[in-house]
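This is the structure I want to talk about, given as structure tokens.
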Amino acid sequence: ALAETLVEARRLGEDIGSAPVLERYDRWRRFDNLAMSAMTDGFDRLFATDNPLVRLVRDTGMAAVNRLEPARRFFMQEAGGAVGDLPRLLRGEAL
């Protein structure tokens with residue numbers, strides 16, 4: 001995303017280090033970064049607890065996701081950053 005933002009800015013004759021250019025990158029990635037941060041924190045809390053009820057629900061949910069191929073594929077793609085408004089390079093396209 002950063003590479004695409006900078007290449008596009010250069011094509012438009014903009015200063016690639018200017019605040020407006022970097023703000024475009026920030027806006028593009030902000031939601032995904034916040035979502036991943038929240039998910040990471042949630043998983044950390046989920047696996048750090050000794051509460052038997054939380055552990056039971058967690059383990060049951062993990063087992064279900066493991067058995068359901070579409071759910072497993074979704075979570076793997078989400079964790080790998082392969083969903084949403086993807087940059088061209090991640091889609092296999094040239095800049």
Side-chain angles (χ1 to χ4, degrees):
L2 180 58
E4 185 171 326
T5 301
L6 297 178
V7 166
E8 187 62 27
R10 177 64 72 195
R11 281 189 186 135
L12 296 172
E14 296 175 291
D15 174 5
I16 64 171
S18 69
V21 170
L22 298 177
E23 285 167 6
R24 283 199 302 268
Y25 166 74
D26 180 55
R27 278 192 308 275
W28 185 1
R29 299 300 306 151
R30 184 177 295 141
F31 175 78
D32 289 331
N33 287 336
L34 289 174
M36 184 56 73
S37 178
M39 280 182 25
T40 302
D41 184 57
F43 274 116
D44 183 52
R45 291 171 188 265
L46 190 62
F47 282 91
T49 186
D50 287 330
N51 182 311
L53 181 59
V54 173
R55 290 176 63 161
L56 175 66
V57 171
R58 176 197 68 206
D59 293 347
T60 303
M62 293 291 286
V65 167
N66 227 6
R67 280 190 228 111
L68 298 170
E69 180 61 30
R72 187 172 65 226
R73 190 176 323 113
F74 169 78
F75 283 110
M76 288 173 59
Q77 289 176 332
E78 183 69 37
V83 294
D85 185 13
L86 299 177
R88 285 185 231 152
L89 287 175
L90 253 172
R91 293 189 312 248
E93 301 172 9
L95 293 178

Exercise. Sequence neighbours excluded, which residues qualify as salt bridge (charged side-chain N to carboxylate O under 4.0 Å, His left out) partners of Arg67?
Worked result: none
Seminar exercise, completed: For Leu46, the other hydrophobic cluster members (4.5 Å side-chain criterion, sorted by chain and number) are Phe43, Phe47, Val54, Met62
Name each donor-acceptor pair under 3.5 Å that joins a side chain in residues 70-78 to protein atoms two or more places apart or in another chain, with its distance.
from, atom 1, to, atom 2, distance (Å)
Arg72, NH1, Asn66, O, 2.5
Arg72, NH2, Glu69, OE1, 2.2

Exercise. Do Leu6 and Arg10 pass the side chain to side chain contact (heavy atoms under 4.5 Å, CB included) test, and can you show the C-alpha distance, the side-chain angles, and the key distance before you say yes or no?
Worked result: CA-CA 6 Å; Leu6 297 178; Arg10 177 64 72 195; over 6 Å; no
Exercise. What pairs of residues pass the side-chain hydrogen bond (donor to acceptor under 3.5 Å, both in side chains) test when at least one of them lies in residues 13-23, not counting sequence neighbours?
Worked result: Glu14-Arg24
Exercise. Who passes side chain to side chain donor-acceptor pair (under 3.5 Å) against Arg30, sequence neighbours left out?
Worked result: Asp26
Problem set entry | By salt bridge (charged side-chain N to carboxylate O under 4.0 Å, His left out) - contacts of Arg55 (at least two apart) | none
For this session: List, by chain and number, the other hydrophobic cluster members for Leu56, where Ile, Leu, Val, Met, Phe, Trp and Tyr join if side-chain heavy atoms come within less than 4.5 Å, directly or indirectly.
Result: none
Side-chain donor-acceptor pairs of residues 81-95 under 3.5 Å, sequence neighbours excluded:
from, atom 1, to, atom 2, distance (Å)
Asp85, OD2, Trp28, NE1, 3.2
Arg88, NE, Glu4, OE2, 3.4
Arg91, NE, Glu93, OE2, 3.3
Arg91, NH1, Leu86, O, 2.5
Arg91, NH2, Glu93, OE1, 3.1

Exercise. Going by the side-chain hydrogen bond (donor to acceptor under 3.5 Å, both in side chains) test, which pairs reach into residues 35-45, not counting sequence neighbours?
Worked result: Asp41-Arg45
Exercise. Distance from Asn51 atom CG to Leu53 atom CG, nearest 0.5 Å?
Worked result: 5.5 Å
